[in-house]
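Atom set for the values below is all heavy atoms of this structure, side chains included, hydrogens, waters and symmetry mates excluded.
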2 protein chains.
Amino acid sequence: MVKNMDNKKITIKDVAKKSGVSVSTVSRILNGYEQNFTPRTVRRVLKARDELSYEPDYFARRMIMKESKTIGVLIPDITNPFFSELIRGIENILYKENFITMLCNADLDQEKEDTYLRELTRRGVDGFIIASSAISNESINATLKANGHPFIVLDQKKAEGISDAIITDDYTGGQLAAQHLKELGHEQIAIAMPKNAPANIQKRLSGVRSIYGEEQIDLVDAELSKTGGRAAVPAVLKTTATAIFAINDEIALGLYLGLSEAGKKIPADYSVIGYDNIDMCEYMVPQLTTIAQPIFELGQITAKMLLERIENPSKDWEERMLPVNLIERFSTAHLN
Amino acid sequence: MVKNMDNKKITIKDVAKKSGVSVSTVSRILNGYEQNFTPRTVRRVLKARDELSYEPDYFARRMIMKESKTIGVLIPDITNPFFSELIRGIENILYKENFITMLCNADLDQEKEDTYLRELTRRGVDGFIIASSAISNESINATLKANGHPFIVLDQKKAEGISDAIITDDYTGGQLAAQHLKELGHEQIAIAMPKNAPANIQKRLSGVRSIYGEEQIDLVDAELSKTGGRAAVPAVLKTTATAIFAINDEIALGLYLGLSEAGKKIPADYSVIGYDNIDMCEYMVPQLTTIAQPIFELGQITAKMLLERIENPSKDWEERMLPVNLIERFSTAHLN
DNA sequence: ACGTTTTAATAAAACGTTTTATTAAAACGT
DNA sequence: ACGTTTTAATAAAACGTTTTATTAAAACGT
């Protein structure tokens with residue numbers, strides 16, 4: 001901290017004294033009302049400010065101004081490439097607008113989520129981005145909605161007219177994946193996904209069901225992680241499926257290892273298709289065919305929508321749906 | 001925000017009025033000096049607090065108390081698994097101590113780093129964790145050291161008696177990798193690493209040089225990313241090396257793709273060894289042999305050391321070195 | 001030449017806390 | 001019974017800003 005002679009923090013008073021004007025004059029000049037003062041006064045104040053390296057005290061300032069230029073972001077796991085990419089998209093916009101990101105890694109732990117939510121509220125963040133699934137609608141309503149804090153829920157929850165919302169086209173995504181496998185001649189497919197999947201993931205399943213009949217689908221339980229994918233392989237082997245739809249790429253990466261351990265080749269023995277298009281897909285051998293979500297852009301748009309809401313709290317709720325598309329690589333092949 | 005009848009924020013005054021005591025009494029009771037008051041008064045105050053859902057204003061509080069319970073963390077790229085794992089370690093400790101993490105993703109962009117550093121200072125964070133390499137020692141000195149802000153530099157920089165420091169045993173790491181390849185009979189190796197690598201990475205190279213002679217080593221330029229690894233393959237192919245030491249795992253992942261594109265098999269044609277042991281290693285086919293750094297623990301210890309420094313600013317500088325070890329998997333094999 | 005408007009600047013209030021110094025009443029000790 | 005200490009509580013100052021209302025002086029208009 002920059003100190004004055006008495007070893008105390010430099011305040012606006014020091015600047016005022018040094019430039020021979022009042023505190024209010026310094027404040028006004030430093031906050032963009034220079035045109036109300038003579039050039040000479042302005043010059044003096046600026047000079048004093050620079051010579052003392054004066055920086056307004058953040059807390060004193062915020063106490064009056066009631067805005068913190070901070071956004072709280074709640075995610076389940078920063079280690080998951082989907083979320084780290086999302087964060088980059090968010091941060092990319094926020095940085096440009098001089099906002100700072102408060103990262104809260106909630107670990108799918110409901111208590112931790114609630115704690116973070118309360119703590120962020122206490123700290124007066126200007127808005128919330130919530131991409132964590134465990135969080136209950138009640139928590140959101142009690143802590144955010146009821147108190148009029150701007151927030152936006154992402155990816156896992158349907159907002160249903162209680163907030164802005166942004167989703168990707170999961171139904172079409174599921175269709176696209178299924179269509180691709182069908183065209184390759186696969187008549188029996190396995191889908192690796194968690195039993196209690198969030199709504200957006202359920203939608204992908206519905207998409208598949210619009211292409212494949214119920215008896216052509218083997219649902220295989222798998223956590224949304226590499227470990228989950230690896231562990232799901234034995235169950236897959238028990239089915240008659242010739243292709244596997246991993247409901248996210250992380251699961252697909254686990255499948256690669258599990259299948260290899262079982263002596264199976266991709267795509268000779270099993271075609272594998274993922275979902276998300278995290279950048280690791282391109283680096284697998286064989287490269288992973290997947291449904292691409294525009295993750296970075298998703299983050300950007302989320303941040304933008306939230307900032308607009310903060311700017312104009314009473315505007316109508318906005319809903320955005322982002323398109324997805326199939327990226328064909330080398331983990332899927334024609335049957336035989 | 002919780003409001004009172006006049007639709008204004010609930011303040012300590014409201015609580016005081018409701019419980020029929022003075023503002024200072026409320027403050028003291030709510031800040032852990034209950035033993036100075038009669039149980040009856042304490043009860044009343046607590047009751048009023050609860051009924052009004054009073055939360056002390058963060059900014060007013062911080063203005064007086066001069067601590068923000070916030071740590072700023074500066075990293076180059078959250079998308080890199082090394083850093084996301086590191087963040088988790090940091091966050092793991094910070095959360096327990098009721099600190100919040102401010103994440104700054106600096107993109108190896110010097111200007112962005114400086115901006116973030118200044119912004120964090122302005123916001124009065126209690127301490128800094130700096131794991132970003134582009135940052136200049138001058139910036140650190142000017143912004144942090146000179147102003148007595150607690151900070152800790154991680155991984156890439158030598159602190160040299162100007163701050164606490166924590167490093168991993170990079171020299172031994174390099175030795176371990178080299179030794180392993182030597183034992184497998186490789187007499188000529190390539191090392192994929194950036195030309196202007198930070199100090200810790202240079203140390204790994206020194207470690208290798210203690211095992212292999214200068215003429216047995218082919219230095220191949222590669223950025224610290226998957227892209228970098230992939231792009232380095234043509235250069236590797238031009239050498240007579242039979243094994244490749246990727247200076248971090250990300251490069252190794254890129255090598256997998258590049259080699260596969262060149263029709264080369266791991267480990268039959270090339271043995272590959274990485275560095276870091278990010279969790280992806282286990283999921284590659286073949287699984288990647290690597291030098292393991294205790295990344296999560298590194299984050300934890302860093303956070304702990306910083307908190308101790310904040311607690312006790314005048315204690316002696318502390319330096320810690322964490323061990324590394326070889327994880328043998330299936331990407332390295334005996335020559336022929 | 002004098003009342004009115006504009007300009008340049010400031011004094012004082014406000015933001016919502018914590019902390020320090022003070023006080024009135026009760027308890028204590030002989 | 002009366003001076004002293006302890007207890008329970010508070011008034012007032014302080015933290016460092018921004019903003020509102022005010023003022024003195026200058027400029028203006030006829």
[X] has a side chain; which of [options] sits nearest to it?
| X | options | value |
| --- | --- | --- |
| A:Val21 | D:dT18, C:dT18, C:dT10 | C:dT10 |
| B:Met65 | D:dT17, C:dT18, C:dT17 | C:dT18 |
| B:Phe37 | D:dA9, C:dC15, C:dT17 | D:dA9 |
| A:Met63 | D:dA9, C:dG16, C:dT18 | C:dG16 |
| A:Thr38 | C:dT18, C:dA8, D:dT17 | C:dA8 |
| B:Arg28 | D:dT17, C:dG16, C:dT19 | C:dT19 |

Nearest-Å distance for atom pair [atom1]/[atom2], residues [X] and [N]:
| X | N | atom1 | atom2 | value |
| --- | --- | --- | --- | --- |
| A:Ile64 | C:dA12 | CD1 | C1' | 13 Å |
| A:Phe59 | C:dT18 | CZ | P | 14 Å |
| B:Lys66 | C:dT19 | NZ | P | 12 Å |
| A:Glu34 | C:dT7 | CD | C1' | 16 Å |
| B:Glu67 | D:dC15 | CD | P | 18 Å |
| B:Ile12 | C:dT19 | CD1 | P | 11 Å |
| B:Arg40 | D:dT7 | CZ | C1' | 16 Å |
| A:Ile10 | D:dC15 | CD1 | P | 15 Å |

Using a cut-off of strictly less than 4.0 Å, decide whether [X] has a side-chain nitrogen or oxygen near OP1 or OP2 of [N].
| X | N | result |
| --- | --- | --- |
| B:Arg61 | C:dT18 | yes |
| A:Tyr33 | C:dT10 | no |
| A:Ser24 | C:dA9 | no |
| A:Ser27 | D:dT19 | no |
| B:Asn36 | D:dA8 | no |

Distance-only donor-acceptor test, A:Ser22 side-chain atoms vs C:dA11 base atoms, 3.5 Å: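 Not at all, since no donor on one side and acceptor on the other fall under 3.5 Å apart.
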B:Lys17, NZ atom: more than 12 neighbouring heavy atoms under 6.0 Å: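 Open.
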Pair assignment for D:dA1, Watson-Crick or G-U wobble, requiring both distances under 3.5 Å: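 WC or wobble partner is C:dT30.
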Under 3.5 Å on both distances, the Watson-Crick or G-U partner of D:dA24: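 By the stated definition (distances under 3.5 Å), C:dT7 pairs with D:dA24.
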Along DNA chain D (nearest heavy atom to each residue), the more 5'-positioned of A:Asn31 and B:Thr25: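 Closest to the 5' end, via its nearest nucleotide, is B:Thr25.
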Under-4.0 Å salt bridge between A:Arg123 and A:Glu119: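 Answer for the salt bridge query: yes.
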salt_bridge(B:Asp77, A:Arg88) N-O dist < 4.0 Å: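 Salt bridge flag = yes for A:Arg88 with B:Asp77.
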Minimal non-hydrogen separation, B:Glu91 against A:Tyr116, with atom names: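 What the structure gives for the nearest pair is OE2-OH, 2.5 Å.
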Closest contact, heavy atoms only, A:Ser68 versus A:Asp126: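 Looks like N-OD1, 2.9 Å.
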Plane angle bin for A:Phe59 and B:Tyr58 - parallel if under 30°, tilted between 30 and 60°, otherwise perpendicular: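 Taking A:Phe59 first and then B:Tyr58, their aromatic rings stand perpendicular (interplane angle over 60°).
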